[in-house]
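Here's the structure, in structure tokens; my notes come after.
Letters A, B, ... mirror the listed sequences (proteins, then strands); counts begin at 1.
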Amino acid sequence: MKHYLSKIFDEAKKKLEYLNEIEISFSIPNNPEHGDLSTNAAMLLTRKLKKNPREIAREIIDNLAFDSDILESVSIAGPGFINFKFTQKFLSKIITEVNREKENFGRSDKYKGKKAIVEFVSANPTGPLTVGHGRNAVVGDTIANLLEAIGYDVDREYYFNNAGRQMRVLGESVRLRYLELLGETVDFPEEYYQGEYIIDIARKIVDEKGDSLKKVEDVTYFKDVAENEIFEDIKSTLKRLKIKMKSFFNEFSLYEEGKIEEVLKIFKDKGMSYEKDGAVWLKLTELGNENDKVIVKSTGEPTYRLPDIAYHTTKFERGYDLIVDLFGSDHSATYPDVLAGLKFLGYDTSKIKVLIHQFVTIMENGEVVKMSTRKANFVTLDELIDEVGSDVVRYFFIMRNMSSHLNFDLSLAKKQSDENPVFYLQYAHARIASILRMTAGEGLERSMENLDLLTTDSELNLMRKLSHFKDELLYASENYEPHRVANYLEELASLFHKFYTDCRIIGSEKNLAEARIALAVAVQQAIRNGLKLLGVEAPDKM
RNA sequence: GCCCACGUAGCUCAGUGGAUAGAGCAUCGGUUUCCUAAACCGCAGGUCGCAGGUUCGAUUCCUGCCGUGGGUACCA
């Protein structure tokens with residue numbers, strides 16, 4: 001629809017020069033009585049032309065050469081909107097379009113040939129994924145799906161660090177629990193990992209090695225076992241959510257390949273770093289940031305900034321056109337340093353899109369459940385999936401704008417009742433499947449021959465909604481706002497349920513019934529395609 | 001203190017500078033001889049945190065204030 005309007009406006013620009021001076025956009029009016037699409041072009045020109053916007057609108061309309069088979073009416077309304085109402089004939093074409101494109105309906109090739117990398121989850125293997133990681137995992141995977149839907153070739157990457165202090169503490173935590181299981185009295189420090197899973201890992205070591213490691217003080221073995229166990233657990237959780245990473249990038253490889261040294265040397269050679277108090281500092285103030293920051297500690301160990309910068313240089317070297325990083329808001333302070341460093345090294349940081357999602361608050365029985373990996377009192381993502389299933393988990397994490405705090409009501413989610421919006425969507429899909437089973441039994445078949453019989457408001461509104469699917473997906477993808485897809489699908493499902501109530505199929509005249517089946521099938525396809533992008537099942541029966 | 005988000009109906013939240021600010025849940029009422037009532041329809045519910053500013057027009061953009069969360073480490 002927008003495509004057609006852009007076309008006739010381009011024609012009009014030849015006659016009305018002033019149309020070139022503004023950006024003409026079309027939006028969907030809130031009130032359906034205002035037509036299918038509308039533009040505020042005339043209002044934007046009031047100042048420039050010093051004329052009444054309604055007069056300008058009149059002039060624009062007089063210069064629009066439109067086909068009356070496509071546009072039913074073009075009218076001026078309110079302060080100077082131009083409203084466009086499309087014909088039934090044009091609207092119903094969407095049904096044949098869906099039928100033609102099937103599982104590709106909604107997708108586009110706008111970014112075909114471009115390569116993108118989406119880095120997400122990136123939790124270090126120190127414990128099971130928590131509900132907090134869940135939001136990151138689901139949002140990241142869905143964004144990757146959306147980028148693929150608009151043509152990108154997308155790689156999903158998980159970045160992690162299995163060296164450093166965190167992991168030493170992990171190894172030591174396991175060792176102490178191991179000694180405990182062997183009957184020794186140990187003093188287990190509060191800052192160590194308190195979770196039950198540490199004891200499970202220690203028990204496994206006891207089972208396999210008995211007390212042979214009792215005298216071993218080096219934590220390497222304990223650390224390695226813990227890392228493997230935990231990583232297997234993380235991977236299985238991701239798998240349950242249907243998340244498949246292309247690669248797991250280990251920070252350690254940056255040291256092995258000399259990337260860290262390389263970057264450090266450049267900073268040093270170009271006078272961008274200096275030593276103070278035994279540490280190496282990066283002159284971030286010279287790059288426009290607030291404070292200089294340490295990149296190598298006095299212990300000789302780099303802070304996360306240096307490997308992060310080195311890591312990102314590999315993303316550039318790997319030739320990506322778009323580099324998406326998804327972090328929780330607790331990382332919001334780290335990326336400006338990394339970007340500044342990369343910019344200094346000469347990389348085009350406009351290719352990097354840093355996305356920050358806000359925290360998840362878990363509510364249970366009206367109370368906030370506090371989460372911390374180190375302390376024991378967290379809800380794991382796995383437990384959550386056990387309770388409500390992968391579909392509900394994915395949908396709950398995606399249905400809100402990532403910039404808003406997410407209130408996850410555990411008691412409600414556990415209910416698995418009809419209060420849950422994901423069932424509403426799935427039910428619409430299942431209901432159509434059921435209709436198709438029933439109508440087939442009646443000898444009715446989908447037909448594209450008489451789509452002009454679809455003239456009631458419920459039918460027209462459904463066709464309008466379907467017509468917007470592609471634009472909605474493109475907008476959601478380009479703006480990294482996956483929750484819009486969920487919102488759109490809920491609206492589509494709602495319109496379908498209304499159609500179901502208003503327009504019967506079995507019992508209607510044959511041509512009408514078969515045209516309605518065609519509409520229902522198109523809706524089902526759109527819902528299925530949308531749910532697929534969200535990673536949610538589209539069941540045929542519920 | 002400073003930096004980044006957020007603040008919309010009782011609750012959870014949509015809302016692409018536009019027209020009468022919407023949905024779900026919760027409350028109350030209605031709809032089934034008929035393709036799944038996991039649905040549909042209706043009632044009620046709002047100083048869009050507060051105060052300024054820009055604009056023909058601001059929930060939307062800017063500034064200040066208040067509130068919530070996060071950050072401000074030689075933790076990540």
Side-chain angles (χ1 to χ4, degrees), chain A residues 25-31 33-34 38 40 43-44 46-47 52-53 77-81 83 122-124 126 161 164-166 169 251 276-281 290-291 293-305 307-308 327-334 336 356-359 361 363 366 399-409 412 416-421 423-428 430-439 441-442 444 471 475 479 481 483-484 486-487 490-491 493-494 496-508 513 516-517 520 541-542:
Chain A
S25 63
F26 305 101
S27 60
I28 305 166
N30 295 324
N31 187 342
E33 283 173 25
H34 294 141
S38 132
N40 61 353
M43 278 127 81
L44 295 176
T46 43
R47 168 167 287 196
N52 180 320
F81 291 101
N83 293 335
S122 294
N124 285 341
T126 59
N161 179 13
R165 199 188 67 87
Q166 265 193 349
V169 171
E251 179 186 321
K276 192 180 90 181
D277 307 329
V280 181
W281 296 67
E290 214 164 327
N291 296 303
K293 298 276 173 64
V294 170
I295 50 174
V296 181
K297 299 185 231 173
S298 52
T299 61
E301 215 170 15
T303 63
Y304 64 88
R305 288 183 194 89
D308 263 18
F327 303 129
S329 62
D330 54 337
H331 284 63
S332 61
T334 76
I356 302 291
H357 68 84
Q358 295 300 311
F359 273 19
T361 306
M363 304 289 289
M399 69 181 179
R400 304 297 183 213
N401 191 326
M402 75 173 104
S403 65
S404 291
H405 293 257
L406 178 66
N407 244 302
F408 199 114
D409 187 335
L412 181 78
Q416 255 193 325
S417 71
D418 58 341
E419 291 161 26
N420 204 321
F423 295 138
Y424 184 81
L425 275 180
Q426 292 184 314
Y427 179 56
R431 204 174 209 184
I432 295 170
S434 170
I435 289 172
L436 296 178
R437 287 192 293 269
M438 295 296 293
T439 52
E442 298 283 324
L444 294 168
D471 284 338
Y475 186 89
N479 293 284
E481 295 185 4
H483 70 284
R484 283 176 175 278
N487 292 155
E490 281 182 41
E491 286 163 16
S494 168
F496 172 75
H497 286 307
K498 179 141 179 60
F499 160 79
Y500 176 87
T501 308
D502 294 346
C503 303
R504 301 203 56 77
I505 293 174
I506 295 173
S508 295
R516 282 178 174 168
I517 293 174
K541 261 186 184 162
M542 285 179 77

base_contact_polar (B:rC74 base, A:Ser298 side chain, donor-acceptor, <3.5 Å): yes
Considering every strand and a 4.0 Å limit on heavy-atom distances, what is the contact class for A:Asp409: base, sugar-phosphate, or nothing? nothing
Whether over 12 other heavy atoms sit under 6.0 Å from A:Asp502 CG: yes
Side-chain contact, heavy-atom cut-off 4.5 Å: A:Leu406 with A:Gln358? no
If you compare every side-chain N and O of A:Ser404 against the phosphate oxygens of B:rA14 (OP1, OP2), does one of them come in below 4.0 Å? yes
Nearest-nucleotide wise, let me know which of A:Phe359 and A:Ile435 is further upstream toward the 5' end of RNA chain B. A:Ile435
Under 4.0 Å between any heavy atoms, over every strand shown, what does A:Ala77 touch: base, sugar-phosphate, or nothing? Just pick one. base
Give me the ring orientation class for A:Tyr500 and A:Phe496: parallel if the planes are under 30° apart, tilted from 30 to 60°, perpendicular past 60°. tilted
Protein-nucleotides 56-59 of chain B N/O pairs under 3.5 Å:
| unit_1 | atom_1 | unit_2 | atom_2 | d |
| --- | --- | --- | --- | --- |
| B:rC56 | OP1 | A:Arg47 | NE | 3.0 |
| B:rC56 | OP1 | A:Arg47 | NH2 | 2.3 |
| B:rC56 | OP2 | A:Arg47 | NH2 | 3.1 |

Applying a 4.0 Å non-hydrogen cut-off, can you work out what A:Glu491 is touching in the nucleic acid: base, sugar-phosphate, or nothing? nothing
Scan A:Lys541 against the nucleic acid and name what it touches under 4.0 Å (heavy atoms): base, sugar-phosphate only, or nothing. base
Sugar-phosphate, base or nothing in reach of A:Asn83, heavy atoms under 4.0 Å: base
Just checking A:Leu406: base, sugar-phosphate only, or nothing, at a heavy-atom cut-off of under 4.0 Å? sugar-phosphate
Between B:rC75 atom P and A:Tyr304 atom OH, what is the distance in whole Å? 10 Å
Report yes or no: is there a donor-acceptor pair, N or O only, under 3.5 Å between the side chain of A:Ser38 and the base of B:rA19? yes
Same-atom distance (C1') from B:rC4 to B:rU16, integer angstrom: 23 Å
Go through the N and O atoms of the side chain of A:Asn291 and the base of B:rA73, and report whether any donor-acceptor pair is under 3.5 Å. no
Using the C1' atom as the reference point in each nucleotide, state the distance between B:rC34 and B:rC48 in Å, no decimals. 44 Å
Gap in Å between the two P atoms, one belonging to B:rG7 and one to B:rC62, rounded: 13 Å
Counting any heavy atom closer than 4.0 Å, what does A:Asn401 reach on the DNA or RNA strands: base, sugar-phosphate only, or nothing? sugar-phosphate
For residues A:Phe408 and A:Thr361, determine if any side-chain heavy atom of one lies less than 4.5 Å from a side-chain heavy atom of the other. no
Look at the side chain of A:Arg504 and decide which nucleotide, out of B:rA76, B:rC35, B:rA38, has an atom nearest to it. B:rC35
Checking all strands, does A:His331 fall into the base, sugar-phosphate, or nothing category for heavy-atom contacts under 4.0 angstrom? base
Dot-bracket for RNA chain B, please, read 5' to 3', with Watson-Crick or G-U wobble pairs under 3.5 Å on both distances, ( ) within the strand, [ ] crossing, | other strand, . unpaired. (((((((..((((....[...))))..((((.......))))......(((((..]....))))))))))))....
Can you tell me, in whole Å, how much space there is between the P of B:rG46 and that of B:rG22? 14 Å
Assuming nearest nucleotide by heavy-atom distance, tell me which of A:Thr439 and A:Val296 is located more 5' along RNA chain B. A:Thr439
Is A:His497 touching bases, backbone alone, or none of the nucleic acid, heavy atoms closer than 4.0 Å? sugar-phosphate
Select base, sugar-phosphate, or nothing to describe what A:Asp330 touches, counting heavy atoms under 4.0 Å on all strands. base
Looking for any heavy atom pair under 4.0 Å, which part of the strands does A:Ser27 touch: base, sugar-phosphate only, or nothing? nothing
